[in-house]
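Here the structure is laid out as structure tokens; the discussion comes afterwards.
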Amino acid sequence: MRSLGLILCWISFLTLSISIPASSDDQFTVDGTVLELTDSNFDSAISTFDCIFVDFYAPWCGHCKRLNPELDAAAPILAKLKQPIIIAKLNADKYSRLARKIEIDAFPTLMLYNHGVPMEYYGPRKADLLVRYLKKFVAPDVAVLESDSAVKEFVEDAGTFFPVFIGFGLNESLISGLGGKYKKKAWFAVAKDVSEDTMVSYDFDKAPALVVKHPTYNEHSVFYGPFEDGFLEEFVKQSFFPLILPINQDTLKLLKDDERKIVLTIVEDETHESLDKLIKALRAAAHANRDLVFGYVGVKQFEEFVDSFHVDKKTNLPKIVVWDGDEEYDQVTGIETISQEEDHLTQVSRFLEGYREGRTEKKKINGPSFMGFINSMIGIRSVYIIVFLVAVIMMLRSLGQVEEPAGVRTAPASRERVDQTTSVTEGETSEHTPSDKKED
């Protein structure tokens, strides 16, 4: 009897041992609905699913409420993919200890965990666009396209958020490593047996050639080699942005991942028709100076950013500088502005010549650290709200209606995380910091 009891104990132990992993996986019901996570099953969810998209929300956040139906609509579509993407949500207000641990400081914060590796999501939030965007992360590193129709379908399915690199007549082995390395930044494909019509459409006249297309900006470039010794990768790295980049809050986040300096042209209004000639000149200069990023910004569109470069009502515009992407910029002696009277390309070329020859004056940006400015773009809204509330309290106090509060705390500035290329017009980026705890 004692032996029988020992055998039964061993059987029970083995059964329990076998069932533990299963119970860990089975605690999640994948039926196309949004999973509700807690602090007790969050780590398990991240390790269970290869690709999981998590919405860190607060019940009181109006932006979070508006996002809910979009996630509900996207969840069943993404769950049915060959390599499914699971959509989940976690109440970061309730599980604040976990939220602090993973540095959630605004609502909603959207994170994509790909094999456990987190990446903050800045893309569109409408269901159909969200689905198209997220498909990128479970697609093959490099697609092989066997016909003209396959090329057309690939480009259409890629959407407008990422640049598209297609190697025409290029050996797949040359681009496969880059496709895996830069999967978060672009689409990659190799095309075989395409017609002359496709060559004309993509504006190249011989193969092999690597074509990069920026759908958002209706721009493309062609690289004919050499394809060895790092030249191919260097071209890819320098082509994640269009030749001339409009500067806004979304593109600023992307620039943080690029080590190149930025030739920044500041104009009065970036939508004015007179800007076309200048943009054309800057684009031509960018073709020949790919070691620099070329960007432009309008005072009317992004005044708080422009002010950092000592621009005021007396400043002659367009103003051109070389910005290091952080706290300093170079001003070329004698060429601080672009005149409307002289050829634009000539002036830009002269500016670049002066910069490369070192005829510059280094200046600090106006105000606090520029990285602090970028990182607190979301937090600034919280400060405005707090200042308003303090003003109201002081006014009421002066009327003798309330007592002085013990103190007011501001929310910490939002941290900057890894980011990706996004569509400025189609993505919504409004967020609340935890201190903005109120209904919209």
For the pair [X] (side chain) and [Y] (backbone), establish whether a donor and an acceptor sit closer than 3.5 Å, ignoring hydrogens and angles.
X    : Y    : answer
N248 : T251 : yes
Q347 : S339 : yes
S349 : L345 : yes
T337 : L317 : no
K363 : H310 : no

Closest approach of [X] to [Y] (non-hydrogen atoms, all atoms of both residues):
X    : Y    : value
I52  : A45  : CD1-CB, 4.1 Å
S176 : V142 : CA-CG2, 3.6 Å
K136 : A186 : CE-O, 2.7 Å
P318 : T265 : CB-CG2, 4.0 Å
R66  : E70  : O-CG, 4.0 Å
L243 : F294 : O-CB, 3.5 Å

Taking the six-membered ring where the residue is Trp, are the ring centres of F162 and Y133 under 6.0 Å apart?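 That pair passes the under 6.0 Å test.
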
May I ask you to check whether Y95 and F42 place their ring centers less than 6.0 Å from one another? no

Begin from the C-alpha positions of Y202 and V151 and carry the test side chain to side chain contact (heavy atoms under 4.5 Å, CB included) through to its verdict. CA-CA 11 Å; Y202 286 89; V151 172; 3.8 Å; yes

In terms of side-chain heavy atoms, does D205 have a donor or acceptor partner in Y224 at a distance below 3.5 Å? yes

Please check if any side-chain donor atom of E361 sits under 3.5 Å from a side-chain acceptor atom of Q331, or the reverse.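 No donor-acceptor contact under 3.5 Å links the two side chains.
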
Can you pull the side chain to side chain donor-acceptor pair (under 3.5 Å) pairs that have at least one residue in residues 138-149, sequence neighbours excluded? D141-K183, S147-S149, D148-S195, D148-T198

How are the rings of F165 and F235 set relative to one another: parallel (under 30°), tilted (30 to 60°) or perpendicular (over 60°)? perpendicular

Mind checking the [atom1]-[atom2] spacing from [X] to [Y]? Nearest 0.5 Å is all I need.
X    : Y    : atom1 : atom2 : answer
I365 : Y329 : CD1   : OH    : 9.5 Å
K261 : D326 : NZ    : CG    : 11.5 Å
E270 : F302 : CD    : CZ    : 10.0 Å
T333 : Y355 : OG1   : OH    : 13.5 Å
I102 : T109 : CD1   : OG1   : 9.0 Å
I77  : D128 : CD1   : CG    : 8.5 Å

Does [X] reach the side chain of [Y], with side-chain heavy atoms less than 4.5 Å apart?
X    : Y    : result
F305 : L264 : yes
H214 : S221 : no
N91  : Y57  : yes
F137 : M119 : yes
I338 : H344 : yes
T271 : Q301 : yes
D55  : V34  : no
D257 : K184 : no

For atom [atom1] of [X], is the number of surrounding heavy atoms from other residues, nucleotides or ligands below 6.0 Å larger than 12?
X    : atom1 : value
E273 : CD    : no
N218 : CG    : no
E259 : CD    : no
F231 : CZ    : no
K206 : NZ    : no
E196 : CD    : no

Charged N-O contact under 4.0 Å between E342 and R350: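 Yes, E342 and R350 are salt-bridged.
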
Pairing of D258 and R260 as salt bridge, 4.0 angstrom limit: yes

Qualifying residues under side chain to side chain donor-acceptor pair (under 3.5 Å), relative to Q238, sequence neighbours excluded: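 Checked Q238 against side chain to side chain donor-acceptor pair (under 3.5 Å); matches are E234.
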
Reference residue V263; test side chain to side chain contact (heavy atoms under 4.5 Å, CB included); the match among L352, V321, V293: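 Among L352, V321, V293, the one that satisfies the side chain to side chain contact (heavy atoms under 4.5 Å, CB included) with V263 is L352.
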
Please list, chain by chain and in numerical order, all residues satisfying side-chain contact (heavy atoms from CB on, under 4.5 Å) with P246, sequence neighbours excluded. Y217, Y296

Before you tell me yes or no, could you show the steps for V267 and H272 under side chain to side chain contact (heavy atoms under 4.5 Å, CB included), namely the whole-Å CA-CA distance, both residues' side-chain angles and the distance that decides it to 0.1 Å? CA-CA 9 Å; V267 299; H272 198 278; over 6 Å; no

Take N289 and R356 through the side chain to side chain contact (heavy atoms under 4.5 Å, CB included) test and state the conclusion after the steps. CA-CA 11 Å; N289 295 272; R356 296 198 183 278; 3.0 Å; yes

Taking it one step at a time, do K89 and L71 satisfy side chain to side chain contact (heavy atoms under 4.5 Å, CB included)? CA-CA 9 Å; K89 61 196 302 184; L71 298 181; 5.5 Å; no

